Amino acid sequence: MKVLFCCDDTRPEPWLKGLHDALPGADISIWEPGAAQADYALVWAPPQQFIDEQAAGLKAMFNIGAGVDALLPLTIPAVLPVYRLEDAGMAVQMAEYVTQAVIRFFRGLDQYEADMAQGVWQHQRNPKRVDYPVGVMGLGKMGERVAKALTVFDYPVNGWSRSLREMEGVKCFGGMDQLAAFLSETRILVNLLPLHSETENIINAHTLSQLRPGAYVINVGRGGHVVDADLMAQLDAGHVSGAMLDVFREEPLPDNHPFWNHPKIILTPHTSARTLAADSIAQIVGKVAAMSRGEAVTGRVDLRKGY
C-alpha cells in the first residue's frame with residue numbers, strides 16, 4: 001500500500017509517524033511532483049497538479065479537516081471517493097469554544113474584565129436566558145454537538161440547516177424559506193455552515209438585520225460566510241452588539257484589516273477546533289480497513305453540494 005501526504009501548511013512529522021505506526025509496511029511519503037501512483041492520499045488544499053497526477057489511481061482521498069471548501073475550486077473526477085473527517089476530536093473543541101463565547105457574552109464577562117482592569121467593582125446586568133436564544137447555523141457533526149452542549153445550560157436553542165432536521169431540545173428550521181423565521185428568533189448567532197455557493201456571504205446586511213436587537217455573532221464556519229463591511233456597519237449601528245470571529249476571508253488576517261481595532265470584536269486565529277493528528281489517523285486508517293473488507297464507509301463528500 002502506498003500513501004501520500006499532501007498538506008503544505010501542515011507540519012508533516014506527526015502525521016508521517018502516526019501513519020507509519022498505524023500502517024506498518026506501508027509506503028508512506030510526502031507528495032512531490034512526479035511521485036509514483038499512490039493507493040490513498042491525505043490532503044489539505046492540494047494543488048491541481050496533485051489531482052491531475054494521482055486521481056486516476058487513487059482508491060480514496062482523505063481531506064484532513066471537516067470543511068472541504070479548499071477542494072471545490074479543483075477539478076476532481078467524480079469517480080474518485082473523497083472523504084472528510086467526521087469529528088476526530090474536533091466537535092468537543094468546537095462545543096467548548098462556542099459555549100465559552102456564548103457564556104462570555106450572556107454573562108457580560110467582557111465588561112467585568114474591563115471594570116476590573118480599571119479597579120471598578122460593580123455588578124452588570126442579570127440577564128434571563130429566555131431573552132438570549134441561540135441560533136446554530138449548520139447541524140452537521142459539529143453543529144449538532146454545539147447545539148446539544150448549549151441546551152445543557154438551558155439556553156433556548158434554534159437550529160437551521162439546508163434540510164430540516166429533528167433534534168431533542170432544539171427548535172429546528174430547514175431550507176431558505178425558513179431562514180428568516182430562524183433569524184428572527186435568534187439573538188446569539190453561531191455559524192458552523194460549510195462554505196459553498198449557496199452559503200457564501202450568507203451573513204450580510206439583510207440577514208444580520210433580521211436578528212433580534214443587540215445580537216451577537218460567533219463565526220466558526222468560514223470567513224467567506226461573512227460580508228465583513230456589513231458586519232462592521234451593523235456593529236457600528238448598534239443592532240449587533242458584538243462578535244467573536246475565528247475564521248476570515250484571508251488568513252492570517254492582514255495587519256491593516258479593520259477587525260483588528262474594532263472594540264466590539266474578539267479575534268482568534270482559526271483555533272476553535274484544531275485537527276488532531278492521532279484521532280484523525282485512527283479514523284482514516286479505520287476507513288481504509290473497512291474499504292479493504294468491502295464495507296460501506298461514511299463521510300464521503302458530495303463535491304457538487306460542497307460538503
Side-chain angles (χ1 to χ4, degrees), residues 92-118 120 122-139 142-143 145-160 169-171 182-193 202-205 207-223 225-228 230-248 253 258-273:
V92 67
Q93 297 178 66
M94 189 66 79
E96 287 175 334
Y97 182 98
V98 171
T99 299
Q100 65 81 28
V102 170
I103 292 172
R104 188 175 189 274
F105 170 64
F106 174 71
R107 295 292 298 271
L109 298 181
D110 53 344
Q111 188 58 54
Y112 283 122
E113 291 171 4
D115 288 347
M116 291 299 170
Q118 297 184 27
V120 176
Q122 64 180 354
H123 291 288
Q124 298 299 324
R125 66 184 188 275
N126 187 23
K128 297 178 180 179
R129 283 169 174 76
V130 69
D131 296 329
Y132 287 80
V134 183
V136 179
M137 299 179 75
L139 296 176
M142 287 193 280
R145 182 67 180 266
V146 166
K148 288 181 177 178
L150 291 167
T151 63
V152 172
F153 295 95
D154 294 339
Y155 292 104
V157 180
N158 304 315
W160 182 82
V170 178
K171 184 176 181 180
F182 162 81
L183 294 169
S184 69
E185 296 191 29
T186 293
R187 190 167 187 184
I188 303 175
L189 181 67
V190 180
N191 176 48
L192 286 134
L193 290 168
I202 196 169
I203 302 177
N204 53 47
T207 51
L208 289 169
S209 69
Q210 296 177 76
L211 296 170
R212 292 191 178 186
Y216 195 79
V217 175
I218 302 167
N219 188 24
V220 288
R222 286 290 186 265
H225 288 126
V226 175
V227 179
D228 294 356
D230 290 359
L231 175 59
M232 297 276 289
Q234 291 286 331
L235 287 165
D236 293 341
H239 181 70
V240 175
S241 60
M244 189 163 189
L245 309 176
D246 186 56
V247 288
F248 310 93
L253 188 65
F259 281 170
W260 283 111
N261 298 314
H262 200 288
K264 296 181 180 180
I265 296 178
I266 300 171
L267 308 175
T268 53
H270 203 148
T271 193
S272 54

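It should be emphasised that the depicted structure is a prediction, and the values quoted were computed from it without experimental measurement. Only this structure's heavy atoms are used, side chains among them; waters, hydrogens and symmetry mates stay out.
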Handout entry: Chi angles and distances behind the side chain to side chain contact (heavy atoms under 4.5 Å, CB included) call for Val98, Val136
Key = CA-CA 10 Å; Val98 171; Val136 179; over 6 Å; no

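Listed here is the closest heavy atom pair of Ala149 and Thr99: CB-OG1, 4.0 Å. The heavy-atom pair separating Ala243 from Leu231 by the smallest distance is CB-CD2, 4.3 Å. Across every non-hydrogen atom of Gly169 and Thr151, the tightest pair is O-CG2, 3.6 Å. Looking at every heavy atom in both residues, Leu235 comes nearest to Ser241 through CD2-C, 4.1 Å.
Here His123 contributes atom NE2 and Asp115 contributes atom CG; the two are 11.0 Å apart, rounded to the nearest 0.5 Å. Rounding to the nearest 0.5 Å places CG of Asp228 at 12.0 Å from CG of Asn204. Taking CD1 from Ile265 and CE from Met244, the interatomic distance works out to 12.0 Å, rounded to the nearest 0.5 Å. With values rounded to the nearest 0.5 angstrom, Lys264 atom NZ is found 10.5 Å from Gln234 atom CD. In this structure, OG1 in Thr207 is found 7.0 Å from CE in Met137, a value given to the nearest 0.5 Å. For the atom pair CE of Met94 and CG of Asp246, the computed distance is 7.0 Å after rounding to the nearest 0.5 Å.
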Enumerate donor-acceptor pairs with a distance under 3.5 Å from any side-chain N or O in residues 209-221 to protein atoms, sequence neighbours excluded.
unit_1 : atom_1 : unit_2 : atom_2 : d
Ser209 : OG     : Ala205 : O      : 3.3
Ser209 : OG     : His206 : O      : 2.7
Gln210 : NE2    : His206 : O      : 3.2
Gln210 : NE2    : His206 : NE2    : 3.2
Arg212 : NE     : Ser184 : O      : 3.4
Asn219 : OD1    : Asn191 : ND2    : 2.7
Asn219 : OD1    : Gly221 : N      : 3.2
Asn219 : ND2    : Arg222 : O      : 3.2

Please report, to 0.1 Å, the donor-acceptor pairs under 3.5 Å made by any side chain of residues 153-160, with sequence neighbours excluded.
unit_1 : atom_1 : unit_2 : atom_2 : d
Asn158 : ND2    : Glu185 : O      : 2.8
Trp160 : NE1    : Gly175 : O      : 2.8

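Under the 4.5 Å side-chain criterion, counting only non-hydrogen atoms from C-beta, Phe182 is not in contact with Lys171. The side-chain heavy atoms of Val134 and Phe106, taken from C-beta on, include no pair separated by under 4.5 Å. For the pair Ile203 and Asp230, the minimum side-chain heavy-atom distance is 4.5 Å or more.
In terms of modelled atom types and a separation under 3.5 Å, the side chain of Tyr112 and the main chain of Gln124 share a donor-acceptor contact. When atom types are taken as modelled, the side chain of His262 and the backbone of Met232 share no donor-acceptor pair closer than 3.5 angstrom.
Remark: Arg125 qualifies as a cation-pi partner of Phe105 under the 6.0 Å distance and 45° angle criteria applied to the six-membered ring.
For Arg129, the CZ atom is densely surrounded, since the number of other residues' heavy atoms within 6.0 Å is greater than 12.
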